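Hydrogens, waters and symmetry mates are skipped; everything else that's a heavy atom, side chains included, is used. Small disclaimer: the values here were computed from a predicted structure and weren't measured. The first residue in the sequence is number 1, and the count goes up from there.
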Amino acid sequence: MADQPKTAEPGRARLSPRKKQQVSRTIQYVVLIAALVAVVLYADWASLAQNFAKPDVARQALPDLFTIALRNTIIYTVGGFVFSFVLGLLLALMRLSQVRPYRWIAVVYIEIFRGLPALLIFLMITFLPLALPGFAVPFGTYGQGILGLGLVGAAYQAEVFRAGLQAVPKGQTEAARSLGMSATRAQVTVVIPQAIRMVIPPTTNQFVALLKDSSLVLFLGVSGEYVELAKFGNDLASQYANATPIMVAGVTYLIVTIPLGYLASRLEGRKGRNR
């Protein structure tokens with residue numbers, strides 16, 4: 001006797017893929033709402049506000065928050081970015097060079113400074129006067145902070161530039177050489193400008209990363225007029241035994257980093273549409 005086709009049992013019909021997605025999405029929403037309700041009901045909001053959002057303590061951070069801490073953070077970041085931009089471009093050119101020792105030097109530098117924690121680099125800078133008696137980093141504390149950020153940032157920026165340089169069509173160089181340009185002039189006037197335009201979005205992200213890494217300057221033992229946002233917030237938090245200054249410093253970072261991150265996203269989107 002031939003097998004009869006099996007029929008689905010009542011109430012157990014298979015759900016369509018679309019229905020499964022709807023059920024899964026509903027379950028996720030329910031779990032998320034339940035978690036939010038639990039946080040709202042069980043969090044001690046009064047204690048949190050007292051320890052992390054005390055208005056009178058926040059007012060004590062003004063105006064030094066902007067005139068000293070934010071100013072210094074920008075100085076360290078911009079200085080470190082310029083340093084890393086120039087050194088990173090040089091390292092990228094060395095890594096792509098036909099001269100083998102140049103490639104070795106670039107690879108060793110990039111691998112070392114990408115592999116070491118940035119904190120160790122800053123700690124090493126503090127011991128430079130002991131290792132090199134009589135040596136002093138130019139511009140004092142500002143110079144030390146810029147040096148630390150620049151050394152670390154250059155390793156990452158070099159890889160960004162290398163990708164940009166390799167993305168420039170070789171026909172651009174060949175066309176420049178056919179016009180009588182030397183290899184060096186073609187590189188400087190044709191290839192590098194195009195590569196820089198290509199890497200503007202990731203370079204903007206690199207600037208944001210350096211801005212956040214500027215908090216490591218506190219390990220240089222900065223104080224007084226040289227403090228940046230993280231050190232400034234930590235010192236005030238210790239003084240008032242309250243975490244509000246740290247929250248204020250964090251919000252100040254976000255005021256700067258969120259617009260920059262949005263800018264980087266817009267630039268990446270525009271670059272993608274132009275391809």
Side-chain angles (χ1 to χ4, degrees), residues 72-129 131-132 135-168 173 183-220 222 226 228 257 260 264 267:
N72 288 338
T73 297
I74 293 174
I75 290 173
Y76 292 129
T77 304
V78 173
F81 176 75
V82 172
F83 188 105
S84 66
F85 188 94
V86 175
L87 181 57
L89 178 57
L90 177 61
L91 288 168
L93 293 172
M94 290 173 64
R95 185 158 189 180
L96 297 175
S97 173
Q98 296 181 354
V99 181
R100 189 171 297 177
Y102 287 167
R103 296 201 303 270
W104 292 343
I105 293 172
V107 169
V108 169
Y109 180 97
I110 292 170
E111 293 303 322
I112 288 177
F113 282 90
R114 290 180 67 189
L116 290 176
L119 174 58
L120 283 181
I121 304 302
F122 279 88
L123 293 177
M124 289 178 185
I125 290 175
T126 63
F127 285 93
L128 279 178
L132 303 171
F135 173 79
V137 178
F139 307 109
T141 302
Y142 286 128
Q144 290 179 334
I146 290 171
L147 176 63
L149 291 173
L151 290 175
V152 174
Y156 295 92
Q157 191 64 43
E159 292 298 275
V160 171
F161 276 130
R162 182 167 70 94
L165 291 168
Q166 291 179 324
V168 177
T173 304
T184 301
R185 185 180 176 187
Q187 189 83 355
V188 172
T189 61
V190 177
V191 178
I192 292 178
Q194 292 188 61
I196 290 176
R197 285 195 295 270
M198 290 181 180
V199 301
I200 286 177
T203 298
T204 304
N205 287 326
Q206 180 63 24
F207 182 86
V208 174
L210 285 179
L211 179 67
K212 292 183 289 186
D213 285 345
S214 66
S215 61
L216 295 173
V217 172
L218 69 88
F219 290 100
L220 296 176
V222 295
Y226 297 105
E228 38 65 56
T257 57
L260 288 173
L267 291 173

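Contact detail for Met94 and Ala106: the closest heavy-atom pair is CB-CB, 4.0 Å. For Ser84 against Gly153, the heavy-atom pair with the smallest separation is CB-C, 3.5 Å. Contact between Val160 and Pro202 at its shortest, heavy atoms only, is CG1-CG, 3.8 Å. Smallest separation of non-hydrogen atoms from Gly145 and Val217: CA-CG2, 4.1 Å. In terms of heavy atoms, Glu228 sits closest to Ser214 at CG-O, 3.6 Å.
From Gln194, atom CD reaches atom OG1 of Thr189 across 10.0 Å, with rounding to the nearest 0.5 Å. Interatomic distance, CD of Gln157 versus CD1 of Ile110, reported as 11.0 Å (0.5 Å rounding). A distance of 10.0 Å separates OG1 in Thr203 from CG in Leu89, rounded to the nearest 0.5 Å. Taking CG of Leu211 as the reference point, atom OG1 of Thr77 lies at 4.5 Å (rounded to 0.5 Å). Interatomic distance, Thr204 OG1 to Ile200 CD1, rounded to the nearest 0.5 Å: 7.0 Å. Summarising the geometry, atom OG1 belonging to Thr257 is positioned 11.5 Å from atom CG belonging to Asn205; distances are rounded to the nearest 0.5 Å.
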For this session: Test Phe85 against Ile196 for side chain to side chain contact (heavy atoms under 4.5 Å, CB included), laying out the working first.
Result: CA-CA 10 Å; Phe85 188 94; Ile196 290 176; 4.2 Å; yes
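The shortest side-chain heavy-atom distance between Phe113 and Ile121 falls under the 4.5 Å cut-off. Under the 4.5 Å side-chain criterion, counting only non-hydrogen atoms from C-beta, Leu210 is not in contact with Tyr156. Between Phe139 and Ile75 the shortest side-chain heavy-atom distance does not fall below 4.5 Å. Leu128 is not listed as a side-chain neighbour of Met124, based on a closest heavy-atom distance of 4.5 Å or more. Counting heavy atoms from C-beta on, the side chains of Phe83 and Leu149 never come closer than 4.5 Å. A 4.5 Å side-chain heavy-atom check between Ile146 and Val137 finds every atom pair outside the cut-off. You'll find the side chain of Thr141 reaches within 4.5 Å of the side chain of Tyr76, heavy atoms only.
In terms of modelled atom types and a separation under 3.5 Å, the side chain of Arg103 and the main chain of Ser97 share a donor-acceptor contact.
By the 6.0 Å contact criterion, OH on Tyr102 is open, its count of non-hydrogen atoms from other residues, nucleotides or ligands being 12 or less.
Taking the six-membered ring where tryptophan is involved, the planes of Tyr142 and Tyr226 are perpendicular, since the angle between them exceeds 60° and thus also 30°.
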